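Atoms considered below: every heavy atom in the structure, side chains included; atoms not considered: hydrogens, waters and symmetry mates. Labels below follow one simple rule: chain letters A, B, ... track the order of the sequence lines, proteins then strands, and each chain is numbered from 1. Computed from a predicted model, the values in this text were never measured in an experiment.
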There are 2 protein chains.
Amino acid sequence: MARIQFDKEKVLESATNAFWRLGYTATSMHTLVEQTGLKPGSIYLAFGNKEGLFRESLDYYAHQSLDNLEATLAQYNSVEEALPDIFMSFIEESCQSEYCSCFLVKSQLELTDQQTELRDHVSQQLRRVESLYFESFLKNNTESEARAKATSVMLHIFGIRVYGYHSNSKEQLIDALRLGLPWLSWKAEH
Amino acid sequence: MARIQFDKEKVLESATNAFWRLGYTATSMHTLVEQTGLKPGSIYLAFGNKEGLFRESLDYYAHQSLDNLEATLAQYNSVEEALPDIFMSFIEESCQSEYCSCFLVKSQLELTDQQTELRDHVSQQLRRVESLYFESFLKNNTESEARAKATSVMLHIFGIRVYGYHSNSKEQLIDALRLGLPWLSWKAEH
DNA sequence: CAAATTATTGAGTGATCATTCAAAAAGACT
DNA sequence: AGTCTTTTTGAATGATCACTCAATAATTTG
């Protein structure tokens with residue numbers, strides 16, 4: 001079968017899904033073979049090993065997230081107007097029954113010092129998100145204001161990614177976000 | 001050897017340490033046998049199984065954390081004065097090389113729907129922390145203010161527990177906390 | 001001081017883990 | 001068409017997984 005290959009996009013999507021739900025360690029090759037439809041040998045030829053498939057899954061997820069964030073920001077006049085809607089969608093997400101936080105956040109916390117390379121990879125992707133917010137804030141803020149606001153936004157995003165895992169109280173989260181991020185352009189209906 | 005037993009406190013401390021660093025799935029019974037000094041049979045007699053030891057480790061950690069928090073709050077006139085120091089110690093913690101976030105937060109994110117019992121257990125412990133803050137805020141705030149402030153504090157704590165895993169910039173975190181929690185009694189030296 | 005009770009030991013269990021590889025299959029190239 | 005190159009296959013590998021249990025040791029009880 002020289003040349004013809006499986007659909008890498010679909011394989012990464014299902015692998016990402018498995019790793020996201022179960023975590024890196026708890027996802028067995030058996031599960032990955034089941035979910036991707038690939039045979040063990042094919043996975044090892046294409047990705048080297050389980051860690052290789054995990055790394056590509058992380059990249060796939062991060063790339064999608066950043067693209068999605070950029071597209072969302074482009075729809076608004078300012079990041080201050082975009083963020084309330086972004087946070088609302090995060091809260092909605094967290095109320096769904098099959099919610100499993102953010103793949104990057106979960107991976108960041110699962111990986112140990114023995115997996116430095118992978119962990120740094122995740123850190124880098126998370127920093128990219130913060131950089132995107134930072135750059136956006138620079139339009140209407142001084143550099144130090146923009147930096148503090150970007151970090152504060154990240155803290156709140158991380159907070160929701162954890163908080164949403166054990167609580168379903170939408171109003172409580174919205175009130176807390178309005179309290180912690182009063183400088184955002186919250187609208188009445190939020 | 002009827003009656004005489006191993007030091008449960010020490011066993012739980014080392015088990016907690018292993019689970020905290022490596023996570024539930026990645027901590028093998030072999031590691032636990034090594035770290036606790038107990039033989040497999042003793043662990044199974046005392047804790048039933050790996051999950052039992054994990055649950056008791058979670059309780060051990062949560063109990064310590066809550067005791068510690070209560071003791072800290074007692075040293076201050078108000079929770080608003082205590083929190084800046086508490087947050088500063090969280091930030092200091094997160095800058096240490098062997099930092100591995102908060103055991104409860106990590107566990108919360110690792111556990112899946114298949115481990116509902118364990119996950120609910122962790123959620124309950126986290127809610128206890130929030131309740132403690134809520135009760136403290138009630139002294140100087142209306143109920144709805146106190147609730148929003150307690151949730152906001154939890155979001156920031158969770159945020160640091162994740163953020164601290166990939167960044168070492170103390171100043172940046174402090175600026176973000178001052179921005180997100182301006183109603184706390186921050187002192188000049190913070 | 002026996003007898004009964006309970007804790008400890010650690011080799012051993014089958015299951016599952018990540019990974020390999022020789023054989024077969026499917027284009028590509030000449 | 002025939003050869004070459006690359007992909008797919010899936011059974012097999014040894015390692016490690018959580019867990020068990022019969023034998024042993026320590027302490028309490030009568």
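- For the pair A:N49 CG and C:dC17 P, the computed distance is 17 Å after rounding to whole Å.
- A:F6 has its CZ atom 9 Å from the P atom of D:dT7, to the nearest Å.
- Atom-to-atom, CD1 of A:I43 to P of D:dT7 comes out at 15 Å; the value is rounded to the nearest Å.
- The backbone N or O of A:T142 lies less than 3.5 Å from a partner atom in the side chain of A:E145, making a donor-acceptor pair.
- With D:dC19, C:dA18, C:dT20 as the candidates, the nucleotide lying closest to the side chain of B:K50 is D:dC19.
- As a whole-Å value, the separation of A:M29 CE from C:dT20 P is 10 Å.
- A straight line from CG of A:D7 to C1' of D:dT8 spans 16 Å, rounded to a whole angstrom.
- Using cut-offs of 30° and 60° on the angle between ring planes, the pair B:F47 and B:F6 is tilted.
- Place B:G41 and A:E51 on DNA chain C by their nearest nucleotides, and B:G41 ends up nearer the 5' end.
- Between the C1' atom of D:dC19 and the CG atom of B:L45 lies a distance of 13 Å, rounded to the nearest Å.
- The interatomic distance linking B:K39 (NZ) with D:dT20 (C1') rounds to 16 Å, in whole Å.
- Using the six-membered ring where Trp is involved, B:Y163 and B:H166 have ring planes that are tilted, between 30° and 60° apart.
- Considering only the side chain of A:Y44, C:dT19 comes nearest among C:dT19, D:dT9, C:dG10.
- For the pair A:L177 and A:W186, the minimum side-chain heavy-atom distance is below 4.5 Å.
- Here D:dA18 is the nucleotide among D:dA18, C:dG10, C:dT20 with the atom lying nearest to any side-chain atom of B:S28.
- Listed nucleotides C:dT9, D:dC19, D:dC17 differ in distance to B:H30; the shortest reach to its side chain belongs to D:dC17.
- Between A:K187 and A:E81 there is no salt bridge, since none of the side-chain N atoms of the basic residue sits less than 4.0 Å from a carboxylate O of the acidic one.
- At a threshold of 4.0 angstrom between heavy atoms, the contacts of B:T27 are confined to the sugar-phosphate backbone, with no base atom among them.
- Between the CG atom of A:L38 and the P atom of D:dT6 there is a distance of 19 Å, rounded to whole Å.
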